[in-house]
Trainee: 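Below is a structure I'd like to ask you about.
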Amino acid sequence: MTLRPWIRRARRALLAAGTTAVLAAGVLTGTATTSQAATQGPCDIYAAGGTPCVAAHSTTRALYSTYNGALYQVRRASDGATKDIGLLSAGGYANAAAQDSFCAGTSCVITVIYDQSGKGNNLTDAPAGGAAGGPDNLANAFEAPVTVGGHEAYGVYVAPGTGYRDDNTSGIATGDQPEGEYAIFDGTHFNGGCCFDYGNAETSNHDTGNGHMEAIYFGDSNYWGSGSGNGPWIMADLENGLFSGANQRLNAGDPTVNDRFLTAMVKGGPNQWAIRGGNAQSGGLSTFYNGVRPNVSGYNPMHKEGAIILGIGGDNSKGSAGTFYEGVMTSGYPSDATENAVQANITAVGYGSGSTSTGALTPGSRISLQATTTCCTTDYIRHDDADNKAVISAVNSSSPATTKADATWIVRAGLADTSCLTFESANDPGRFLRHSNFELYLSADDGSSTFAQDATFCPTAGNSGVGHSFRSVNYPTKYLRHYDYTVYLAGDGGSNAWDATAFWAQDTSWLVDQPWT
Ligand code: AHR
Ligand code: AHR
């Protein structure tokens, strides 16, 4: 690698100042050269700090500058075939287009998240555990679209019931050995179920007692512990407890954090541990707790077992929800400076929420859907916060901001068929339009294949000759229809009142408009 003189000078100055981290994070190299290999990954930074990664998982990018293997594997529903999804270039970003073409016209789940560290600590479908049966559900490969460094990629969307695990690891901390962990989550997708975790857990899938886990937790469960505000919080799942600090319950120093892209860190060594966090799109890390082990018996010394979990609790509790983009576990207790450098790398890479196109029926685009029946041409499909039903109501430029946002949708690849579409709420991310008993609701994914089908609609030419109609993938004679200002799934004649043939063609025909927000 040849460096221009000013970069060499800058590098020397930074080295002299002890800030190799800034260079490593790609801040300088990112602007000075297009060479991927010149930019270090998070695991290069941890290695330079003397605390190398022993597990490195990401569906979006390489975590080492030289990594050129597979990131993850998908399996498609149509024929059960699997495919490894790799990188666009060594050290670079996921080849999402390979997933798009392999899964075209069917659905795909993520079957393996490969370990980039060389330790073979791959995450696969979690087995049954003490709290819940298994194997767990696998994540829909299209449910967490993202851009990273301007490239399209997919995260791991954990609906309740979804979980990954590796009970037979190598190099992961056991007993009271020190380790560090970070993960990037979607700070807007969470719940209060147990336990959206990434990190160290039991090898038996059972709760084997206090101190047998050390995983990053994210969500708003306050059953064991909590921080300030209403949550969500980054906490440490140490088994039989989500800890926000030294106290068993409330530690006010652990704030509510809900950045769209959230960096979450937990590290632990002998009678010492810390929680840190930050916005994964900008700025540095804050330390939310740094001190001794909890003042409850069983957590000092720790009894870590060295399995790895994602999306579940140590005993396979699987009521939780969240989204994971990347994460690592290290050998050794990383310094704050090393972690700060990792955060600089993350913010330099640039996570984003995806396409900015509007008014188009293509994944990533924001749209509004306007009724075409003469009664209702100023009405749009919106969700109704009162009861989560989908309705039509008038929206215009002077409508309240909430009304406009309630009538705005993000087009997604269909959860049950990628050649069709799913509509995600613009102001309630992670919740989708789905039918149930042939009425339309805004709901979070419950992880079932029924949900995926109930939320998948195939666009067709408008049944009245105007605009578009949206055919249900699991009830292909039925279409999205408004009837008495409520949105239903309706056939042209049928047993429900909303199957009435009068106005069926008009009521099932919609204009795809520019989004209200
Ligand atoms: O520590 C919280 C949870 O308690 C663990 O994840 C689980 O194993 C147990 O139910
Ligand atoms: O909306 C029709 C069916 O009703 C859905 O497929 C199912 O979720 C519910 O039973």
Side-chain angles (χ1 to χ4, degrees), residues 41-47 51-64 67 71-72 93-94 110 112-124 126 139 144 146 148 153-158 162-166 169 171-173 179-187 189-190 195-201 213-219 232 234-237 257 259 261-268 274-280 285 306-314 320-331 334 338-339 341-343 345-347 349 351:
C43 287
D44 303 310
I45 297 168
Y46 278 113
T51 50
C53 295
V54 285
H57 301 115
S58 175
T59 54
T60 67
R61 64 166 178 145
L63 300 174
Y64 293 84
Y67 187 72
L71 294 181
Y72 61 105
Y93 303 103
I110 296 172
V112 185
I113 305 165
Y114 292 107
D115 174 17
Q116 302 178 28
S117 78
K119 298 281 185 192
N121 294 326
N122 301 336
L123 291 170
T124 56
V146 72
V148 52
Y154 296 99
V156 183
Y157 183 99
V158 173
T162 307
Y164 294 84
R165 193 165 194 132
D166 183 358
T169 62
I172 304 295
E179 67 178 346
E181 299 166 343
Y182 91 83
I184 301 179
F185 299 135
D186 177 345
H189 181 215
F190 59 88
C195 291
F196 182 71
D197 288 350
Y198 172 73
N200 199 322
M213 296 177 62
E214 185 169 72
I216 309 167
Y217 165 83
F218 179 68
I234 303 166
M235 296 191 276
D237 189 343
V257 281
D259 301 292
F261 295 97
L262 178 71
T263 308
M265 292 188 179
V266 165
K267 55 184 166 181
I275 303 173
R276 307 185 76 205
N279 182 337
L285 295 171
I308 308 172
I309 53 174
L310 171 61
I312 50 177
S320 51
T323 301
F324 171 92
Y325 301 104
E326 61 179 63
V328 312
M329 299 169 71
T330 70
S331 172
T338 296
E339 292 173 339
V342 168
Q343 167 70 358
N345 171 279
I346 291 166
T347 56
V349 154
Y351 271 90

Trainee: Indicate yes or no: at least one non-hydrogen side-chain atom of E339 is less than 4.5 angstrom from one of K267.
Mentor: yes

Trainee: Just one of Y154, Y351, Y93, Y72 clears the side chain to side chain donor-acceptor pair (under 3.5 Å) bar with T60, so which one?
Mentor: Y351

Trainee: Is the closest side-chain heavy-atom distance between V112 and T124 below 4.5 Å?
Mentor: yes

Trainee: Would you mind reporting whether C53 and L63 have side-chain heavy atoms less than 4.5 Å apart?
Mentor: no

Trainee: I want to check something: taking the side chain as every heavy atom from C-beta on, are V342 and Y46 in contact at a cut-off of under 4.5 Å?
Mentor: yes

Trainee: Do Y325 and D186 come within less than 4.5 Å of each other through their side chains, counting heavy atoms only?
Mentor: yes

Trainee: So, do Q343 and Y182 sit near enough that their side-chain heavy atoms are less than 4.5 Å apart?
Mentor: no

Trainee: How many angstroms lie between CG in D237 and CG in N200, if you round to the nearest 0.5 Å?
Mentor: 10.5 Å

Trainee: Can you name the nearest heavy-atom pair linking I172 to V54, along with the distance?
Mentor: CD1-CG2, 3.6 Å

Trainee: Given side chains that start at C-beta, do those of S320 and F218 come closer than 4.5 Å, heavy atoms only?
Mentor: no

Trainee: How many angstroms lie between atom CD1 of I275 and atom CG of L285, to the nearest 0.5 angstrom?
Mentor: 13.0 Å

Trainee: If I compare all heavy atoms of E179 with all of M329, which pair ends up nearest, and what's the gap?
Mentor: OE1-CE, 3.7 Å

Trainee: Measuring from Y164:OH to L310:CG, what's the distance to the nearest 0.5 Å?
Mentor: 7.5 Å

Trainee: Look up atom CD1 in I308 and atom OG1 in T169, then write down how far apart they are to the nearest 0.5 Å.
Mentor: 5.5 Å

Trainee: Regarding H57 and Y198, do their side chains bring together a donor and an acceptor under 3.5 Å, going by distance alone?
Mentor: yes

Trainee: Is there a side-chain contact between M213 and D197, using heavy atoms and a 4.5 Å cut-off?
Mentor: yes

Trainee: Calculate, to the nearest 0.5 Å, the distance between atoms CD1 and OH belonging to I234 and Y217 respectively.
Mentor: 11.5 Å

Trainee: With ring centroids as reference points, do F196 and F185 lie under 6.0 angstrom apart?
Mentor: yes

Trainee: Give, for atom CE of M235 and atom CD1 of I216, the distance between the pair rounded to the nearest 0.5 Å.
Mentor: 13.0 Å

